[in-house]
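I have placed the structure first, in the form of structure tokens, so that the comments after it can refer back to it.
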Amino acid sequence: MSDYLTSETETIDPFIRTTPVENLSLLTAGTVPHSPADLLGSERMKRLVPLLKERYDIVIFDSPPTLGMADTMILSSYVTAVFLVVLVGKTTIGALSRSLDLLTSTGAKIAGAILNEVSPRRSRYYYYS
């Protein structure tokens with residue numbers, strides 16, 4: 001994505017990667033820019049998001065952690081909804097609460113959470129069906 005945003009190429013096609021999964025394409029992060037926040041807030045990025053939404057049924061942005069980085073706050077302004085990824089046993093309630101506060105203060109719509117590294121066999125909620 002950063003390579004496209006810093007290029008003068010009009011078409012995004014050379015930057016899109018196909019995958020072995022049918023109907024799944026990727027636009028990788030690309031080269032780490034000097035100032036990611038400036039790149040994400042650029043006019044070119046503002047034009048890229050509608051282009052991707054027009055071309056694809058679903059567009060997912062994977063962003064860095066909310067706390068300590070401006071990237072996620074900027075990306076949240078482009079998307080329909082945000083899912084928080086919570087690392088079970090590592091993400092603290094305080095960090096989660098601060099992340100929610102930051103996101104909602106920017107008007108982001110929180111759609112839910114994704115629990116990462118859940119072990120159903122170790123959970124007290126696990127049952128056999």
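Values reported hereafter were calculated over all heavy atoms of this structure, with side chains retained and with hydrogens, waters and symmetry mates removed. Note that this is a predicted model, so its numbers are computed, not measured.
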Any side-chain donor near an acceptor of the partner, T31 and D3, under 3.5 Å: yes
What's the separation between atom CG in L26 and atom CE in M1, rounded to the nearest 0.5 Å? 12.5 Å
Between the side chain of T9 and the main-chain N/O of T11, is any donor-acceptor distance below 3.5 Å? no
Counting C-beta onward and ignoring hydrogens, is there a side-chain heavy-atom pair between F83 and I60 closer than 4.5 Å? no
L27 side, atom CG; L48 side, atom CG - distance, nearest 0.5 Å: 6.5 Å
Does atom CG of D62 have more than 12 heavy-atom neighbours from other groups under 6.0 Å away? no
In a check of side-chain contact (heavy atoms from CB on, under 4.5 Å) between L115 and each of V86, T91, V85, which one passes? V86
Drop me the distance from R47's CZ to L52's CG, to the nearest 0.5 angstrom. 13.0 Å
Could you give me the CA-CA distance, side-chain angles and deciding distance for F15 and S7, then say whether side-chain contact (heavy atoms from CB on, under 4.5 Å) is met? CA-CA 11 Å; F15 302 93; S7 77; 3.8 Å; yes
If you define the side chain from C-beta out and look only at heavy atoms, does anything of M73 sit under 4.5 Å from L103? yes
Are there more than 12 heavy atoms of other residues, nucleotides or ligands under 6.0 Å from atom NZ of K109? no
Return yes if some donor-acceptor pair links the side-chain N/O of T19 with the main-chain N/O of S25 below 3.5 Å, else return no. no
